[in-house]
2 protein chains.
Amino acid sequence: MELKPIAERFILHWGEMGSRWGVNRTVAQIHALLYLAGRPMDAEEIALTLGVARSNVSNSLKELQSWRLARVVHLMGDRRDHFETSTDIWELFKLIVEGRRQREIDPTISVLRDCLGNPAIGDEDTGTEQRIKETLEFIEVLTTWSEEMLRLQPETLMKAMGVGAKISRAVRRKD
Amino acid sequence: MELKPIAERFILHWGEMGSRWGVNRTVAQIHALLYLAGRPMDAEEIALTLGVARSNVSNSLKELQSWRLARVVHLMGDRRDHFETSTDIWELFKLIVEGRRQREIDPTISVLRDCLGNPAIGDEDTGTEQRIKETLEFIEVLTTWSEEMLRLQPETLMKAMGVGAKISRAVRRKD
DNA sequence: CATTAATTTCTGTTTTTACAGAAACAACCG
DNA sequence: CGGTTGTTTCTGTAAAAACAGAAATTAATG
């Protein structure tokens with residue numbers, strides 16, 4: 001229940017990082033707590049452990065569930081909802097990337113496509129159209145590729161990154 | 001001076017995206033403006049174009065400069081500072097990744113190393129140490145690899161991503 | 001060196017976001 | 001079906017961030 005010092009440090013830092021990346025601090029803290037705990041916790045216990053209001057926990061858990069970063073589980077003989085997260089860091093990373101893509105990248109792609117499809121694009125300054133086009137292409141390449149990568153097994157991905165690094169080194173010699 | 005509709009849409013959306021990723025809206029807007037304009041602009045012009053206070057522009061430009069996303073240039077016969085950004089989207093991406101690494105990833109790595117080096121780690125719950133260790137390793141692998149990737153020329157990187165995707169497809173058959 | 005132009009820093013306000021606590025709601029149990 | 005436990009929603013407050021405008025500072029010019 002009471003946090004041990006190192007877990008506390010980890011959780012506080014994670015909350016801080018969340019803030020910097022546009023994630024509510026409490027949301028990030030709860031996720032870090034569940035991750036470190038590695039076991040299901042009920043909302044009350046989470047609230048007490050982190051020293052935040054019960055309602056705050058409720059809303060934050062809903063947010064985490066919308067990212068599929070937390071799920072409800074039930075313990076035998078206990079009426080309360082318990083919440084857990086994956087302890088597989090690769091899986092967590094994938095969920096976060098996927099969530100961000102859906103929420104932010106996809107809408108951005110729509111906007112850029114819309115801009116380029118709009119006849120009024122002709123009225124813009126020279127170069128503007130070109131740069132919007134390049135931006136769209138860039139985002140599309142990056143997302144396609146990251147989707148491919150994230151579909152891999154972690155071990156394979158590791159290997160692929162090794163290959164990537166090797167290509168990198170090989171090419172740099174010629175750079 | 002007056003924004004044309006599509007540029008305006010792009011800039012507003014970019015500002016919105018900035019907010020969601022922990023970047024001040026005005027900062028993101030100014031960057032988008034300089035990017036689309038593709039020419040140096042002075043602070044006054046930026047303020048008028050975006051309809052924000054001159055002081056806001058000044059601070060935001062300082063922020064952009066700290067990311068190396070904007071630089072001062074001088075125009076012949078004009079006392080005022082003018083600001084420009086790269087129109088190379090790959091270069092911009094690199095600068096942003098690099099900035100985030102320095103500001104957020106590196107400190108996180110320090111914290112995690114610190115946690116693992118602390119003798120008190122023994123007092124933590126079973127599994128906690130393991131997960132912190134995995135988290136650190138994960139971040140280290142990812143940053144090392146991304147550094148390698150970003151060192152490549154864009155064209156090479158494109159090629160490498162093609163290879164990555166190919167590996168991905170090849171392996172998936174066996175998955 | 002006084003004047004003007006340009007920029008930055010400071011201060012207070014506004015806006016936004018996060019949050020606590022209360023109230024409402026729902027599920028369950030004897 | 002009344003009491004109990006658990007959860008969500010609502011409402012107001014507090015904290016944080018963004019921002020405008022004024023004041024101060026710095027640099028350039030005649």
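Just the heavy atoms: all of them, side chains too, but no hydrogens, waters or symmetry mates, feed the values below.
The pair Arg103(B)-Glu98(B) fails the salt-bridge criterion, with no side-chain N (NZ, NE, NH1 or NH2) lying under 4.0 Å from an Asp/Glu carboxylate O. Between Arg80(A) and Glu45(A), none of the side-chain N atoms (NZ, or NE/NH1/NH2) sits under 4.0 Å from a carboxylate O, so this pair counts as no salt bridge.
With respect to Lys4(B), the side chain to side chain donor-acceptor pair (under 3.5 Å) criterion is satisfied by exactly one of Asp123(A), Thr128(A), Asp125(A): Asp125(A).
Positionally, the nearest nucleotide of DNA chain D for Ala43(A) lies more toward the 5' end than for the other of Ala43(A) and Arg25(A). Each of Phe83(A) and Gly22(B) was assigned the nucleotide of DNA chain D with the nearest heavy atom; the assignment lying further toward the 5' end belongs to Phe83(A).
What you find for Thr26(A) and Asn24(A) is that their closest heavy atoms are N-OD1, 2.8 Å. Nearest heavy-atom pair, Arg9(A) versus Cys115(B), reported as atom, atom and distance to 0.1 Å: CG-SG, 4.1 Å.
Taken residue by residue, residues 54-81 of chain A places heavy atoms nearer than 4.0 Å to DNA chain C at Ser55(A), Asn56(A), Arg79(A). Residues from residues 27-34 of chain A with heavy atoms under 4.0 angstrom of DNA chain C: there are none.
For the atom pair CG of Leu116(B) and CZ of Phe10(A), the computed distance is 9.5 Å after rounding to the nearest 0.5 Å. For the atom pair Thr85(A) OG1 and Tyr35(A) OH, the distance stands at 9.5 Å (nearest 0.5 Å).
Spacing between atom CD of Glu44(B) and atom P of dA20(D) amounts to 13 Å, rounded to whole angstrom units.
The number of heavy-atom neighbours closer than 6.0 Å to CZ of Arg68(B), taken from other residues, nucleotides and ligands shown, is 12 or below. More than 12 heavy atoms of other shown residues, nucleotides or ligands fall within 6.0 angstrom of atom CZ in Arg101(A).
Remark: Arg100(A) qualifies as a cation-pi partner of Trp21(B) under the 6.0 Å distance and 45° angle criteria applied to the six-membered ring.
Residue contacts shown for Gly51(A) are limited to sugar-phosphate atoms, with no base heavy atom under 4.0 Å away.
Think of the region where chain A sits on DNA chain C: with heavy atoms and a 4.0 Å cut, that region ends 5' and 3' at dA18(C) to dC28(C).
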